[in-house]
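Right, one structure below, let's go through it.
A, B, ... follow the sequence lines: proteins, then strands. Residue 1 opens every chain.
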Protein chains: 2
Amino acid sequence: MQRSLSEFPQPAVAVDLALMSVSGARLKVLVLHRTDAESVGGRWALPGGFVHIDMSLDDAVARVLRDKANLDSAYLEQLGTFGALDRDPRGRVISVVYFALTSTAKLRTAMDGKSSLKLADIIVPWEGEQGGPISIANGQGITLDLAFDHDVILGHVVKRLRGKLDYSTIGLELLPPRFTLRDAQEIHEAILGRKLGKPAFRRKLLDRGLIRATGEREAASAFRPAELYERIDRH
Amino acid sequence: MQRSLSEFPQPAVAVDLALMSVSGARLKVLVLHRTDAESVGGRWALPGGFVHIDMSLDDAVARVLRDKANLDSAYLEQLGTFGALDRDPRGRVISVVYFALTSTAKLRTAMDGKSSLKLADIIVPWEGEQGGPISIANGQGITLDLAFDHDVILGHVVKRLRGKLDYSTIGLELLPPRFTLRDAQEIHEAILGRKLGKPAFRRKLLDRGLIRATGEREAASAFRPAELYERIDRH
DNA sequence: CCAAAAGTGTTGCCGTTACACCCATGT
DNA sequence: ACATGGGTGTAACGGCAACACTTTTGG
């Protein structure tokens, strides 16, 4: 069995990272402009990297997060593993995909100066949790070509986010340390792709006991300022 | 990039299969007695196999299902990928885990004569969807030692099954083509590890429109025979 | 005092649960 | 006739959503 490690040609193992955020009421993903091989050059791809023999999968994702996205922490979750024979035209690569969630505030400072990175808009062509590939666009609505099977992978990410949104805390992972309830609602609406009722949303979030009012108010730009809330971290 | 396939030592990629079933009101899993390496010999493990360079992940699972479990079809779903450095004492192996569901009727005929296979009882030491490793036992309540991290993996399988049970059709995958509503309830109770109310269960299942009454009755052993139902397969 | 957005109280709907009952069958 | 498990009706409960309302701020 140990022999099969060296005797036969092995598939390569990579991790790919879908780093998601919400800004301006839109769901976003961090993509990287590829210029390396002719077959993928000019397209956009999720940041990733190979899994070396002395790295655990967790090590490998942490490394991608740090080296490619310039972040040292984020909510991370394994999505699934993609292993079709022809998914990478340059060779046989099995990719273990994770997604990460952060606030755009943190993400924008991390991206500062890195010109090959872009925070693309996500365009979901289906409703609810139906599923299927999605596409991405720049701020002006121009579609950006995705490399490999990353359109399918991102479809799975959106499906997972929509499915877990109301029985988990993933919605809160996209918020900065302090936020208003309207911020939280905007994030939920961006992920689900539909409007929610204000009173229902407020109560559901508060009844779950995961957030706490700070007593402070947002810096009012106009009209009544909303109260700032923060997460209660159960250790 | 293609060079990294050969220049550096690569982790090996395997698929492992958790073939689950319910019989006698207990959740079961198919395990294989390992005698190969000293470090794992004597223990029980999930059937698995390496992913060769010309096999997709789907090919690899199908092969394990056929060669190791002697089945040519079953409900299959990817669970996740496990890649800790020390999970296999014999070398660096990343394992993509799938679970499969079948009726015990089908499974028992497939296992016929294969003496290294055992259909072990699953012992869940936690309630609900809390999670954590589980253990397995033979019919007499004697614990069987699991190899590798398969105790943790099976914990994830049970958690996934419990989580998906009432918004998906996985419960029906464990039933033979024709079944009574009591059979279905028994399967749900075995997975959840708790009793359910009969009227509530009946109605929920029927209202979902996934099963149809056949008009026929079970072969009555005693008292009133129950009606036989079958799945409605949406193509 | 007005406009606009924050935040709350009330009501009604719907799905689920619990309990009690009736039905069908073999002995 | 009766014991036993199959199958159904009904009423109470609780979560969720819609609506209307009050409150607070800047101008």
Would you kindly give the [atom1]-to-[atom2] distance between [X] and [N], to the nearest whole Å?
X: B/Tyr229; N: D/dG6; atom1: OH; atom2: P; result: 12 Å
X: B/Lys198; N: D/dG7; atom1: NZ; atom2: P; result: 8 Å
X: A/Asp207; N: D/dC16; atom1: CG; atom2: C1'; result: 11 Å
X: B/Glu218; N: C/dT25; atom1: CD; atom2: P; result: 12 Å
X: A/Arg224; N: C/dC2; atom1: CZ; atom2: P; result: 19 Å
X: B/Tyr167; N: C/dG15; atom1: OH; atom2: P; result: 20 Å
X: A/Phe201; N: D/dG15; atom1: CZ; atom2: C1'; result: 17 Å
X: B/Leu181; N: D/dG5; atom1: CG; atom2: P; result: 17 Å

Decide yes or no, distance alone: a donor-acceptor N/O pair under 3.5 angstrom between the base of [N] and the side-chain of [X].
X: A/Lys204; N: D/dG15; answer: no
X: B/Arg182; N: D/dG7; answer: no
X: A/Arg203; N: D/dC16; answer: no

- Query: So does B/Glu189 pair up with B/Lys195, basic N to acidic O under 4.0 Å?
  - Reply: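 So B/Glu189 pairs with B/Lys195 through a salt bridge.
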- Query: Is any NZ, NE, NH1 or NH2 atom of the basic residue among B/Arg178 and B/Glu218 found under 4.0 Å from an Asp or Glu carboxylate oxygen of the other?
  - Reply: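 Looking at B/Arg178 and B/Glu218, the cut-off is not met.
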- Message: Let me spell it out: for each of B/Phe223 and B/Glu227, pick the nucleotide of DNA chain D with the closest heavy atom. Which residue's pick is nearer the 5' end?
- Response: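 Its nearest nucleotide lies further toward 5', so the answer is B/Phe223.
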- Query: When you check the side-chain N and O atoms of A/Thr81 and B/Thr81, is any donor under 3.5 Å from an acceptor?
  - Reply: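 Looking only at side-chain atoms, B/Thr81 and A/Thr81 do form a donor-acceptor pair, the distance falling under 3.5 Å.
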- Message: For the residue pair B/Asp183 / B/Thr180, report whether a side-chain donor-acceptor contact shorter than 3.5 Å exists.
- Response: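 Short answer, yes.
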- Would you indicate what B/Pro225 reaches in the nucleic acid, counting non-hydrogen atoms under 4.0 angstrom: base, sugar-phosphate, or nothing?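 Sugar-phosphate: the residue B/Pro225, judged by heavy atoms under 4.0 Å, touches backbone atoms but no base.
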- Query: Is the count of non-hydrogen atoms from other residues, nucleotides or ligands lying under 6.0 Å from A/Arg231 atom CZ greater than 12?
  - Reply: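 Count over threshold, so yes.
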- Task: Could you check B/Pro199 against A/Ala226 and say which one's nearest nucleotide on DNA chain C is further toward the 5' end?
- Result: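 Per heavy-atom nearest nucleotide, the more 5' residue is A/Ala226.
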